[in-house]
Amino acid sequence: MIGVTYNHMLGLTITHTLYMIFLLGLLMIFAKEIQVLGKQIKRKWQLTRRSAKAKRNTIIQVSALLALVSFAIAIGQFNMNQSLILSLGIGGVPVIVSRYRKEKNRKGSMDESTVFISSLMNEYRIKNGNILEAMESLVLHSKDLKVTKQATVKLLAGFRGAKNDKQKRELTEMFSQEIGAEWGKLIAKNIYIAESQGLNIELSLEDIFENAKDMKTMAEERKRLNAESVRMVKYLVPIAYLGSIFACVKYMGMGLDKVISNQFGTKEGLFMLIIMGIVFLVNIMLVEAVRNKRYDF
């Protein structure tokens with residue numbers, strides 16, 4: 001039995017090695033094209049004026065490429081249906097991660113909303129209504145802001161180098177997208193009005209601040225109510241998986257090497273492990289989406 005398991009795992013290892021050699025060969029053949037493509041993708045991500053649509057297109061391209069590569073590898077080990085399921089699941093990982101990061105970013109901006117708006121109001125008063133100087137002072141003196149500070153730095157740098165009104169509108173739109181909440185859109189519009197038209201926005205900032213306080217209070221209450229479900233998804237599922245391994249070894253008389261061999265050395269075990277990982281990521285994303293549901297005004 002041990003010899004059969006050893007031969008089976010040796011065969012899988014040789015097969016995987018051949019696939020890796022094949023992929024490395026492709027990488028060597030198309031190295032220049034891949035390098036050019038990588039530079040193009042990097043350049044796209046570094047553009048300060050990239051739109052949300054461009055981001056979505058890049059994520060879709062990466063997902064499609066990942067799905068094709070995973071399908072090419074999986075088809076040698078699994079049947080057609082399993083290979084399609086795995087390729088679609090693995091290809092969807094960039095979308096899941098992107099959505100998760102977006103929700104975390106929006107949650108961070110919501111947590112910082114009241115501090116950011118109050119700091120901006122104070123600096124705006126101190127600088128006698130000069131919104132650019134107020135933003136610069138906020139960036140220099142704010143230590144507790146991360147998401148909003150980063151967005152403000154980009155907006156301020158963009159305004160300094162903007163050549164026309166259209167560019168300023170694009171910059172404010174980017175700012176509101178990075179904040180990811182309605183209050184961010186309102187702040188962006190007010191900053192644009194103050195900078196381009198020279199109007200006083202102090203009363204408008206005060207109104208946004210009061211509404212943001214109410215929204216943050218409701219968000220904190222929902223976070224407290226959903227804390228248990230978040231812990232269950234993040235910690236109970238991995239603990240349950242490790243507990244099942246312990247039960248197999250302790251009560252079913254299976255050796256740890258046998259459990260590992262069944263999980264990683266068989267098609268069924270590897271297939272289910274990948275599916276469990278993808279479903280786990282989806283569950284985390286759904287929990288974050290529910291916990292960070294918009295409380296906008």
Taking the side chain as every heavy atom from C-beta outward, state whether S113 and F209 have any atom pair closer than 4.5 Å. no
Closer than 3.5 angstrom, by distance alone: can the side chain of S261 be matched with the main-chain N or O of D257 as a donor-acceptor pair? no
Can we say R160 and E136 salt-bridge, meaning some charged N sits less than 4.0 Å from an Asp/Glu carboxylate O? yes
Once you measure the plane-to-plane angle for W183 and F116, does it fall in the parallel (<30°), tilted (30-60°) or perpendicular (>60°) bin? tilted
Closest approach of I117 and A212, non-hydrogen atoms and distance? CD1-CB, 3.9 Å
With distance as the sole test, does N211 use its side chain to make a donor-acceptor pair with the main-chain N or O of D207 at under 3.5 Å? yes
So F246 and L242, do their side chains get closer than 4.5 Å, heavy atoms only? no
Indicate, with yes or no, if I208 and I131 share a hydrophobic cluster defined by side-chain heavy-atom contacts under 4.5 Å among Ile, Leu, Val, Met, Phe, Trp and Tyr. yes
4.5 Å side-chain heavy-atom contact, T266 and F271: no
Within one Ile-Leu-Val-Met-Phe-Trp-Tyr cluster: M272 and I274, side-chain cutoff 4.5 Å: yes
Side-chain touch L205/I187, heavy atoms, less than 4.5 angstrom: yes
Any donor-acceptor pair under 3.5 Å from Y124 side chain to I201 backbone: yes
Y241 meets the side-chain contact (heavy atoms from CB on, under 4.5 Å) criterion, sequence neighbours left out, with S244, I245, Q263, L273, M276
Residues which pass salt bridge (Lys or Arg N to Asp or Glu O under 4.0 Å) with E206, listed by chain and number, not counting sequence neighbours: R125
Sequence-distant partners of K185, side-chain hydrogen bond (donor to acceptor under 3.5 Å, both in side chains), two or more places apart: none
Quick one: do I193 and M174 end up in the same hydrophobic cluster if we chain Ile, Leu, Val, Met, Phe, Trp and Tyr together by side-chain heavy atoms under 4.5 Å apart? no
Does a side-chain heavy-atom distance below 4.5 Å link F71 with L88? no
Can you find a pair of side-chain heavy atoms, one from T172 and one from F159, that are under 4.5 Å apart? yes
Heavy-atom neighbours of K189 NZ exceed 12 at 6.0 Å: no
Between I275 and L66, is there shared hydrophobic-cluster membership here, with clusters defined by ILVMFWY side-chain heavy atoms closer than 4.5 Å? yes
Could you check if a side-chain atom of V259 sits within less than 4.5 angstrom of a side-chain atom of M254, using non-hydrogen atoms only? yes
For a 4.5 angstrom cut-off between non-hydrogen side-chain atoms, does I191 reach L132? no
Flag, side chain of S63 to backbone of G91, donor-acceptor distance under 3.5 Å: yes
For K213, give me all partners under salt bridge (Lys or Arg N to Asp or Glu O under 4.0 Å), at least two apart in sequence or on another chain. E210
Return the set of residues passing side-chain hydrogen bond (donor to acceptor under 3.5 Å, both in side chains) with D165 (not counting sequence neighbours), or none when no residue passes. R169, Y192
Under the side chain to side chain contact (heavy atoms under 4.5 Å, CB included) test against M135, which residue among L140, N130, L155 passes? L155
For L171 and A162, the nearest pair of non-hydrogen atoms, with its separation, is CD1-CB, 4.3 Å
Linked, directly or transitively: V93 and V282 (ILVMFWY side chains, under 4.5 Å): yes
Taking the side chain from S137 and the backbone from E133, do they hold a donor-acceptor pair closer than 3.5 Å? no
Check: L84 main-chain N/O paired with S87 side-chain donor or acceptor under 3.5 Å: yes
S204: side-chain hydrogen bond (donor to acceptor under 3.5 Å, both in side chains) partners, not counting sequence neighbours: N190
